[in-house]
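As the structure is a prediction and not an experimental result, all values here were calculated from the model. One-based numbering along the sequence shown.
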Amino acid sequence: MSKIVVRDKNGEHGHFIEGTATIGRHPRSTICLHDPMVSKKHAVIHKVGGHYVYEDLDSSNGSFLDGIHIHKHKFQDGDVLTLGKITLTFYAESEEERLAKLVNISHVLGDSTNTVHDRIAVASVEEFLPEAAMLDVSLLRVDYEKLRLGHELLQNIGFDNSLSSVLEKVSNELLRIFHADRCVILLANVSTGELMPKVVRTIDGAEDRVSVSESILNEVRESKTAVLLSDPRNDERFSHSSSLIMQGIRSVLCAPIMHDGEFFGVVHLDSQKGQSSFTRKDLQLLTGIVRYVAMAVANAQLLKKIELEARSKAQFERLLSPSVVEQVMSGKVTLEKGGVLREVTILFADIRGFTAMAHRSEATDIVAMLNRYFEMVVDVVFKHGGTVDKYIGDEIMVLFGAPVDMEDAADKAVACALEMQAALERFNIDRERHGDDKIQIGVGINSGEVVVGSIGSSQTMQYTCIGDAVNVASRLTDMAKSGHVIISENTLARLSGKANCEVLPPVPLKGIDGELKAYMVKELLTETIPPHYLDG
């Protein structure tokens with residue numbers, strides 16, 4: 001189903017569209033937009049054939065595509081329209097959704113093993129009869145033509161790196177080679193194992209709904225054999241079946257897509273031309289062709305896995321220090337889904353006066369400034385072995401002691417905070433040289449037991465931590481003034497050496513009994529044996 005994603009000041013909102021949809025400020029609009037530059041009846045979306053067309057209804061401020069004023073536009077996937085300060089992004093129906101509507105995997109009554117006319121094990125190697133044993137020259141010519149076309153197909157797909165292109169070529173040529181009426185290629189979902197249609201082709205090019213027997217698919221999948229089914233009309237077990245009989249199907253070829261013993265999917269061909277229109281030799285030839293298809297599928301999945309690992313590593317490199325990234329990628333460290341209890345030290349660093357700074361500057365300048373600032377800060381974080389948990393606007397949250405245990409987590413967190421402040425002073429010298437405002441940050445640090453792990457949906461995961469210790473660290477950050485590093489009593493107690501600190505007045509903390517004892521750290525001292533030294 002096609003979708004419009006609206007992005008406004010409140011975030012993103014998705015609207016599925018089917019048929020006609022109205023757009024405007026009017027509350028009864030299908031997509032109601034709250035922007036004074038949007039007319040009450042601004043535009044309408046119509047479905048024309050297989051496409052959606054956007055039509056501006058002579059709105060006061062117009063509709064724009066890539067900065068160009070438009071009145072009528074046929075949507076393409078990914079098109080972004082601008083209406084006032086709101087953007088609309090169009091997403092067409094996915095190919096998977098379209099094919100899923102075309103293919104109906106239906107249950108066939110009866111024991112499918114008794115209806116199969118012939119079968120060939122995928123792992124077996126069967127030879128064609130020698131020329132001397134072929135008495136009918138016309139059949140020999142037919143077999144030769146099939147082999148010739150099969151050879152051409154294998155030659156063509158050997159140079160194609162696109163799996164979708166390979167499957168399309170294969171389906172088109174299989175119709176030609178075997179004089180079939182329809183071809184469906186289904187691949188197993190990597191996560192669920194469910195067979196999903198990837199290509200549906202008919203000899204006349206029509207996109208008619210195709211039914212595929214669930215019993216045949218199960219037979220092929222479980223037995224790992226290619227099967228030939230001839231005229232189900234003659235078998236009483238199919239006399240009540242609507243999936244094959246009602247379509248007039250008289251012959252079926254179905255072969256598993258397998259490589260190194262792993263099942264990837266199924267190639268399914270059927271014919272309505274008459275009983276036994278497919279032969280055992282067809283089954284042999286199809287099995288050989290599908291082996292090459294299986295290699296293409298296996299290679300595509302391997303490439304996808306490599307690309308996913310590369311993207312994951314790139315993402316980890318933004319959040320974890322290089323040494324931790326290598327441990328995660330090698331499997332020595334796991335980012336547990338669901339979470340585990342762990343002792344960590346949490347650091348928050350927040351820019352002071354950021355809201356006022358943002359109001360005085362262009363949005364693009366603010367983004368550029370934040371990127372340069374975070375680049376500098378993260379270099380310091382990684383130097384001390386910290387893990388970037390998340391960016392919250394102008395604030396950064398860092399963990400010490402997760403995902404890798406760290407005995408001196410408190411020491412490293414405090415040292416990191418002090419170096420952040422020192423690096424920021426050097427950073428500001430360059431900003432002042434260019435006439436830019438200085439950046440000042442406040443840092444809050446707390447230590448304690450939290451739940452850490454990968455949290456989110458199966459599609460979007462984030463490694464983070466949850467617990468009261470996080471809330472305390474955030475509260476300390478709120479207390480910190482420009483240039484200050486504020487730590488809790490828990491963090492102070494975990495420092496292995498002396499710290500030159502100033503004791504701050506106790507602060508009440510919402511939701512926690514008693515008052516929070518806090519300390520402003522001035523410096524860490526090198527001696528590790530004497531007790532903590534509190535100055536002031």
Side-chain angles (χ1 to χ4, degrees), residues 1-105 164 168 189 192 194 196-200 202 205-211 355 358-359 362-364 366-367 392-393 456-462:
M1 184 178 294
S2 298
K3 183 179 181 181
I4 292 285
V5 174
V6 177
R7 175 174 289 180
D8 56 21
K9 62 181 181 181
N10 296 316
E12 288 188 351
H13 319 276
H15 302 267
F16 289 103
I17 56 174
E18 192 168 8
T20 300
T22 56
I23 299 173
R25 283 192 295 109
H26 197 284
R28 292 185 180 178
S29 299
T30 309
I31 302 176
C32 184
L33 304 178
H34 302 287
D35 187 315
M37 295 185 70
V38 174
S39 300
K40 285 187 176 180
K41 295 181 179 180
H42 197 101
V44 64
I45 298 174
H46 298 289
K47 189 169 187 179
V48 181
H51 300 278
Y52 280 98
V53 175
Y54 178 91
E55 184 177 357
D56 190 282
L57 300 177
D58 296 323
S59 62
S60 300
N61 296 296
S63 305
F64 296 85
L65 175 68
D66 296 330
I68 300 173
H69 187 276
I70 61 168
H71 175 70
K72 203 169 187 178
H73 173 71
K74 184 170 77 172
F75 271 128
Q76 301 293 324
D77 187 47
D79 279 348
V80 180
L81 296 182
T82 303
L83 282 61
K85 295 182 179 179
I86 297 176
T87 62
L88 309 180
T89 305
F90 174 80
Y91 296 98
E93 180 182 58
S94 68
E95 183 69 4
E96 288 79 6
E97 291 175 319
R98 187 184 68 82
L99 292 176
K101 292 179 181 179
L102 288 177
V103 178
N104 174 40
I105 300 177
S164 59
E168 288 176 3
N189 182 284
T192 65
E194 181 184 2
M196 306 296 293
K198 295 299 178 182
V199 178
V200 180
T202 60
E207 287 200 342
D208 297 328
R209 189 171 175 82
V210 177
S211 287
T355 302
H359 279 301
E362 294 290 334
T364 53
I366 288 294
V367 171
I392 313 165
S457 70
S458 58
Q459 296 176 327
T460 305
M461 301 296 296
Q462 180 180 7

Ile45 versus Ile4: any side-chain heavy-atom pair under 4.5 Å? yes
Check: Val200 and Val210 side chains under 4.5 Å, non-hydrogen atoms: yes
Sort out for me which residue in Ile70, Asp66, Thr87, Ile86 forms a side chain to side chain contact (heavy atoms under 4.5 Å, CB included) with Leu81. Ile70
Do the side chains of Ser2 and Tyr91 get nearer than 4.5 Å, heavy atoms only? no
Neighbour count above 12 (heavy atom, 6.0 Å) for Arg7 CZ: no
Considering all heavy atoms, the nearest His15-Val6 contact: CD2-CG2, 3.7 Å
Do His69 and Phe64 make the cut of ring centroids closer than 6.0 angstrom? yes
Donor-acceptor pair, side chain of Tyr52 and main chain of Ile17, under 3.5 angstrom: yes
Quick one: does Thr89's side chain get under 4.5 Å of Asp79's, heavy atoms only? no
side-chain contact (heavy atoms from CB on, under 4.5 Å), that's the test. Do His42 and Leu57 meet it? Break it down for me. CA-CA 5 Å; His42 197 101; Leu57 300 177; over 6 Å; no
If I take atom NZ from residue Lys72 and atom CG from residue Asp56, how far apart are they, to the nearest 0.5 angstrom? 12.0 Å
Looking at Phe16, does the NZ or CZ of Lys3 lie under 6.0 angstrom from its six-membered ring centre and within 45 degrees of the ring axis? yes
Looking only at heavy atoms, which two atoms of Ser60 and Ser39 are closest? And how far apart? N-OG, 3.0 Å
So, do Glu55 and His71 sit near enough that their side-chain heavy atoms are less than 4.5 Å apart? yes
Centre-to-centre under 6.0 Å for Phe90 and Phe75, is that the case here? yes
As an exercise, state the distance from CE of Met196 to NZ of Lys198, rounded to the nearest 0.5 Å. 6.5 Å
One pair to check against side-chain contact (heavy atoms from CB on, under 4.5 Å): Leu83 and Ile23. What are the steps and the verdict? CA-CA 10 Å; Leu83 282 61; Ile23 299 173; 4.1 Å; yes
Using distance only, find each side-chain donor-acceptor pair of residues 29-38 under 3.5 Å and give its atom names and separation, not counting sequence neighbours.
unit_1: Ser29; atom_1: OG; unit_2: His26; atom_2: O; d: 2.9
unit_1: Thr30; atom_1: OG1; unit_2: Thr22; atom_2: N; d: 3.1
unit_1: Thr30; atom_1: OG1; unit_2: Thr22; atom_2: OG1; d: 3.2
unit_1: Asp35; atom_1: OD1; unit_2: Met37; atom_2: N; d: 2.8
unit_1: Asp35; atom_1: OD2; unit_2: Lys85; atom_2: N; d: 3.0

